[in-house]
Amino acid sequence: MTQVNPYFAGATGRCPHCGEGMLFDGFLKVSKTCEACGFDLGAYETGDGASTFVILIAGALCAFGALFSMFAFNWPVWLLLVVWLPVTLVLCLGLMRPAKGLMVAAQIANKASEAGRHDV
């Protein structure tokens, strides 16, 4: 069996354990089990971690772009809204699934579900 890079597999929406099955059972809902290897994916919950990173990354890029457009090209406010609101939406939706996959993969790679009171 070849060694699977869990981070690459998670970012592409594949099972971080085997790299074959699908990680998601919808847009952002993590599957209960991997259809290929039977690995329990339902035990790993990312909470708001992925959305926090996406907000910070997309917010920084779009805020810089909007400010640059406003000061360098003197765009009117309506044009800033017409251009940068859709860009923000597309960027957030495009980054959310890979970010959540990376968060699940990081938990699996670091065996986060095995942590307990004996680790303290």
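For Pro76, the side-chain contact (heavy atoms from CB on, under 4.5 Å) criterion is met by Trp78, Leu79, not counting sequence neighbours.
The number of heavy atoms from other shown groups lying within 6.0 Å of CZ (Phe53) does not exceed 12.
Shown here for Pro16 and Ala9, the closest heavy-atom pair between the two residues is CA-CB, 4.0 Å. Annotation for Cys18 and Gly21: closest pair SG-N, 3.7 Å, computed over non-hydrogen atoms.
Taking CD1 of Ile108 as the reference point, atom CG of Asp40 lies at 9.0 Å (rounded to 0.5 Å). Ser31 contributes atom OG, which lies 7.5 Å from atom CE of Met22 (distance to the nearest 0.5 angstrom). In this structure, NZ on Lys32 lies 9.0 Å from CG on Asp25, to the nearest 0.5 angstrom.
At a threshold of 4.5 Å between non-hydrogen side-chain atoms, the residues Leu23 and Thr12 do not count as touching. A 4.5 Å side-chain heavy-atom check between Phe39 and Leu41 finds at least one atom pair inside the cut-off.
Follow the hydrophobic side-chain contacts under 4.5 Å out from Val83 and you never reach Leu85; the two are in separate clusters. Hydrophobic clustering (ILVMFWY, side-chain heavy atoms < 4.5 Å, transitive): Val87 and Val54 are in distinct clusters.
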N/O donor to acceptor pairs below 3.5 angstrom from side-chain atoms of residues 56-72, sequence neighbours left out:
| residue | atom | partner | partner atom | Å |
| --- | --- | --- | --- | --- |
| Ser69 | OG | Gly65 | O | 2.8 |
| Ser69 | OG | Trp84 | NE1 | 3.2 |

What donor-acceptor contacts under 3.5 angstrom involve side-chain atoms of residues 91-106, with partners at least two apart or in another chain?
| residue | atom | partner | partner atom | Å |
| --- | --- | --- | --- | --- |
| Arg97 | NH1 | Gly26 | O | 2.8 |
| Arg97 | NH1 | Phe27 | O | 3.1 |
| Lys100 | NZ | Leu28 | O | 3.2 |

(request) Determine, stepwise, if the pair Phe24 / Val30 fulfils side chain to side chain contact (heavy atoms under 4.5 Å, CB included). (result) CA-CA 4 Å; Phe24 296 106; Val30 178; 4.3 Å; yes

